[in-house]
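All values below were derived from every heavy atom in this structure, side-chain atoms included, with hydrogens, water molecules and symmetry-related copies excluded.
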Amino acid sequence: MIEEAKDWVRQRAGKVLVCSTGTLLALSLIPLGSALLGNGSADAETKADQLIVGLQGDLETAEKALDATHAQLLADLPGLDAERADRDRAFARSVLLGLISPSSSTRDLAGTQAFLDARYEFLGPTSRVLTEFIPEWMAATGSGHGSGTTYRLVTLDIDVTEVRGLDYSYAGVARFDPVRADGESTAKREYVFFTFSTRQDGSVSAFEAYRASSRTRDLLVAQEPVAKATAVPTKIPSAEPTENG
């Protein structure tokens, strides 16, 4: 409950500041109205001016106090848990490799989807990872037609995109390069974009993956010098790629 209250305050802190200031101003106008209506003498205007000056001072004081309270509330709210983010990134890496590795074996599409559905509780018949990403990946790499090209994970970047209460959301991109054992392979490198969310206990609540199109892949290849690429020692068995692989 405390974490939910903090999340509520974080999202509405600006509104609380504005509403509180407006309320103080409205309450302060009551004595001004009473003075103007109840005193028709010549010094009514002078008293009104004095009240306005006093109200302005009270308003500035209230705004400063609210600003200080607002800053303190934000300072007291928990920040990003770096250790948790690192654990989430490590787990997402294993999930990503898990999605690609079995789809690169000799299993057919139905067998691959059934295997992944049983392995990850956040996947199911309605998950687009199974209905879209896996079929597209298998078609692009020629999976299911016998062993051939081996892919290795070369780069992996994952960033936190949102912290909502106890749930963290991430987005990432992974680059997979074909291993050219004989130097004659025509396979092209692949890029996979993915998003995922985790709960406080580190379990994944959602995972979506997107294989880069040929045009996007070519743009990324042009922007990423090969000399700066640092290979991650992770190899993924794959089948012979098709012409679009």
Could you tell me which non-hydrogen atom of [X] sits nearest to which non-hydrogen atom of [Y], and how far apart they are?
X    : Y    : value
P135 : V129 : CD-O, 4.4 Å
L153 : T155 : CD1-O, 3.6 Å
D81  : Y168 : N-OH, 3.0 Å

Salt bridge (charged side-chain N to carboxylate O under 4.0 Å, His left out) with E132: which residues, sequence neighbours excluded?
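Applying salt bridge (charged side-chain N to carboxylate O under 4.0 Å, His left out) to E132 gives R128.
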Can you measure from [atom1] ([X]) to [atom2] ([Y]) and round to the nearest 0.5 angstrom?
X    : Y    : atom1 : atom2 : value
L99  : R119 : CG    : CZ    : 8.5 Å
F207 : T195 : CZ    : OG1   : 8.0 Å
Q113 : M138 : CD    : CE    : 8.5 Å
R84  : D86  : CZ    : CG    : 12.0 Å
E60  : L55  : CD    : CG    : 11.5 Å
Y191 : L219 : OH    : CG    : 10.5 Å

With side chains defined as the heavy atoms from C-beta onward, is the minimum distance between [X] and [Y] less than 4.5 Å?
X    : Y    : answer
R89  : R93  : no
Y170 : D88  : yes
L97  : F176 : yes
R189 : P178 : yes

N/O donor-acceptor pair under 3.5 Å between [X] side chain and [Y] backbone:
X    : Y    : result
S205 : S197 : yes
S101 : G98  : no
T131 : S127 : yes
S203 : R199 : no
T198 : V204 : no

Step-by-step salt bridge (Lys or Arg N to Asp or Glu O under 4.0 Å) determination, D177 to R175:
CA-CA 7 Å; D177 280 6; R175 169 184 155 188; 2.6 Å; yes
Under 4.0 Å between a Lys/Arg side-chain N and an Asp/Glu carboxylate O for R211 and E190?
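Yes.
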Can a salt bridge be assigned to the pair D49 and K47 using a cut-off of 4.0 Å between side-chain N and carboxylate O?
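The answer is no: the pair does not qualify as a salt bridge.
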Atom CD of residue position E121 - does it have more than 12 heavy atoms of other residues, nucleotides or ligands inside 6.0 Å?
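Check fails, neighbour count at 12 or below.
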Determine, step by step, whether V95 and F196 satisfy the side chain to side chain contact (heavy atoms under 4.5 Å, CB included) criterion, reporting the C-alpha distance in whole Å, the side-chain angles of both residues, the deciding distance to 0.1 Å, and the verdict.
CA-CA 10 Å; V95 172; F196 66 98; over 6 Å; no
Are the aromatic ring centres of F194 and Y210 under 6.0 angstrom apart?
no
Name of the residue among D117, L130, I134 meeting side-chain contact (heavy atoms from CB on, under 4.5 Å) with T112:
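Only one of D117, L130, I134 forms a side-chain contact (heavy atoms from CB on, under 4.5 Å) with T112, namely I134.
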